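Computed from a prediction, not measured in an experiment: that's the story for all the values here. Read the numbers this way: they start at 1 and go in the same order the structure lists the ligands and their atoms.
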Amino acid sequence: MTHNELKITTNSPEETRELGTRIGELAQPGDVILLVGELGAGKTCLTQGIAWGLGITDYALSPSFVIMRELYGRLPLYHLDLYRLENPEEIIDLGLDDYLYGSGVCVVEWADRGLEILPLENLLIKITSTGDRRDFQLIPSGEHYREMIGKLTKNPVRGKS
Ligand code: ADP
Ligand code: MG
């Protein structure tokens, strides 16, 4: 039951990217990070930080109609955005499970639209917003992600492992 959940608050997009960078630095092959939060919550902002943490320098913001983007850093980053998904089965129809169960790092925006199909072991990040404040609730499922939360709890600042 140690490290079962972590709550972090940020007060600017920079701080959110910083948190993402730290997560990206800790990410390992096959990791699945699920993001849940309303439009404008900061899912893409956090993902940008994760990309930086993976050593991806050419991250550009893209519109939500792209369902999957592949970027290359220390590990591949598969950035999925399920905003336009009509039913979870589409994940299989589109072959997205190859990425979800692959050896890159998968970050899934609007993960609540596909929860039935998404991997059971994951790091779920719920984001709520008030003004410029963003509250992140990090919920690990599985021992691997509990360890990740443990490392984040110990050293929430980037550049330390
Ligand atoms: P989503 O992908 O969840 O729809 P985005 O990351 O695209 O959200 O957008 C978040 C918006 O909120 C951006 O316009 C950003 O500038 C703004 N913002 C304000 N404060 C924060 C914060 N603390 N963290 C992240 N984004 C913030
Ligand atoms: Mg987004």
Side-chain angles (χ1 to χ4, degrees), residues 5-27 31-73 75-91 93-100 102 104-119 122-141 145 148-149 151-153 155-160:
E5 204 183 291
L6 179 60
K7 285 182 177 173
I8 297 175
T9 298
T10 70
N11 290 290
S12 68
E14 291 72 28
E15 276 181 41
T16 295
R17 281 190 286 267
E18 190 82 3
L19 169 63
T21 302
R22 182 70 187 121
I23 294 170
E25 287 173 349
L26 289 172
D31 277 358
V32 175
I33 300 168
L34 306 181
L35 307 183
V36 172
E38 289 307 305
L39 207 64
K43 301 181 294 299
T44 301
C45 185
L46 186 75
T47 306
Q48 184 175 23
I50 295 174
W52 288 353
L54 286 167
I56 295 158
T57 49
D58 61 343
Y59 185 94
L61 298 177
S62 79
S64 278
F65 54 75
V66 181
I67 210 161
M68 207 285 291
R69 291 202 293 155
E70 214 169 327
L71 298 155
Y72 291 95
L75 297 168
L77 170 64
Y78 306 124
H79 180 192
L80 278 69
D81 189 325
L82 304 185
Y83 186 64
R84 303 207 167 236
L85 211 67
E86 273 162 23
N87 61 71
E89 286 73 33
E90 277 179 69
I91 292 175
D93 298 344
L94 295 167
L96 296 177
D97 45 334
D98 286 351
Y99 298 100
L100 288 164
V105 174
C106 249
V107 175
V108 187
E109 292 194 44
W110 294 100
D112 41 333
R113 307 209 167 177
L115 275 185
E116 299 99 304
I117 306 271
L118 294 168
N122 60 64
L123 178 64
L124 174 64
I125 304 182
K126 292 185 183 173
I127 315 170
T128 50
S129 64
T130 339
D132 279 349
R133 177 182 166 153
R134 299 291 184 274
D135 291 299
F136 295 85
Q137 189 185 7
L138 286 68
I139 307 157
S141 293
Y145 297 96
M148 192 174 179
I149 290 292
K151 289 178 190 162
L152 264 174
T153 308
N155 287 312
V157 180
R158 61 184 293 201
K160 296 182 182 176

At less than 2.8 Å, would any N/O/S atom of Tyr83, backbone or side chain, sit next to the Mg ion (ligand 2)? no

What's the shortest distance from atom 20 (N) of ligand 1 to any protein heavy atom, and which residue and atom give it? Asp132 O, 3.3 Å

If you count the atoms of ligand 1 from 1 in the order shown, which ones are under 4.0 Å from a heavy atom of Glu109? 2 (O)

Quick one: look up the protein heavy atom nearest atom 18 (N) of ligand 1 and list residue, atom name and how far away it is. Arg134 NH2, 3.3 Å

For Cys45, the ligand 1 atoms with a heavy-atom partner under 4.0 Å come out as 6 (O), 25 (C)

Has Arg134 got a side-chain atom pairing as donor or acceptor with Ala41's backbone, closer than 3.5 angstrom? yes

Dump the intermediate steps for side-chain contact (heavy atoms from CB on, under 4.5 Å) on Val107 and Leu46, then the final yes or no. CA-CA 10 Å; Val107 175; Leu46 186 75; over 6 Å; no

Is the backbone of Gly49 close enough, under 3.5 Å, to the side chain of Thr21 for a donor and an acceptor to pair up by distance? yes

Whether the side chain of Lys43 engages the backbone of Trp110 through a donor-acceptor N/O pair (distance < 3.5 Å, no angle test) should be reported. no

Does Glu70 have more than 12 heavy atoms from other residues, nucleotides or ligands lying within 6.0 Å of its CD? yes

I'd like to check the salt bridge (Lys or Arg N to Asp or Glu O under 4.0 Å) partners of Glu14; sequence neighbours left out, ordered by chain and number. Arg17

Ranked by distance from atom 3 (O) of ligand 1, the top protein heavy atom is Lys43 NZ, 2.7 Å

To the nearest 0.5 Å, tell me how far Asp135 CG sits from Thr9 OG1. 4.0 Å

Could an N or O of ligand 1 be found under 3.5 Å from any N or O of Gly42, whether backbone or side chain? yes

Of all N, O or S atoms in Glu109, identify the one at the shortest distance from the Mg ion (ligand 2). OE1

Tell me: protein heavy atom nearest atom 9 (O) of ligand 1, and distance? Gly40 CA, 4.0 Å

Test Val108 against every option in Leu80, Ile91, Asp81 by the side chain to side chain contact (heavy atoms under 4.5 Å, CB included) rule and name the one that passes. Leu80

Quick one: look up the protein heavy atom nearest atom 7 (O) of ligand 1 and list residue, atom name and how far away it is. Thr44 CB, 3.6 Å

Please indicate, with yes or no, if any protein heavy atom is found under 4.0 Å from atom 13 (C) of ligand 1? no

Return a yes/no value for Arg133: is any of its N or O atoms, backbone included, closer than 3.5 angstrom to an N or O of ligand 1? no

Looking at Glu38, I'd like to know if its CD atom is crowded, meaning that more than 12 non-hydrogen atoms belonging to other residues, nucleotides or ligands lie closer than 6.0 Å. no

Polar contact flag for Gly37 and ligand 1 (N/O pairs, less than 3.5 Å): no

Polar atom proximity, Leu39 to ligand 1 (N or O, under 3.5 Å): no

Would the number of heavy atoms belonging to other residues, nucleotides or ligands and lying under 6.0 Å from OH of Tyr99 be above 12? no

What atoms of ligand 1 come within less than 4.0 Å of a heavy atom belonging to Glu38? 3 (O)

Does ligand 1 have a heavy atom under 4.0 Å from the side chain of Ser12, from its backbone, from both, or from neither? backbone

Residue part near ligand 1, for Thr16, under 4.0 Å between non-hydrogen atoms: side chain

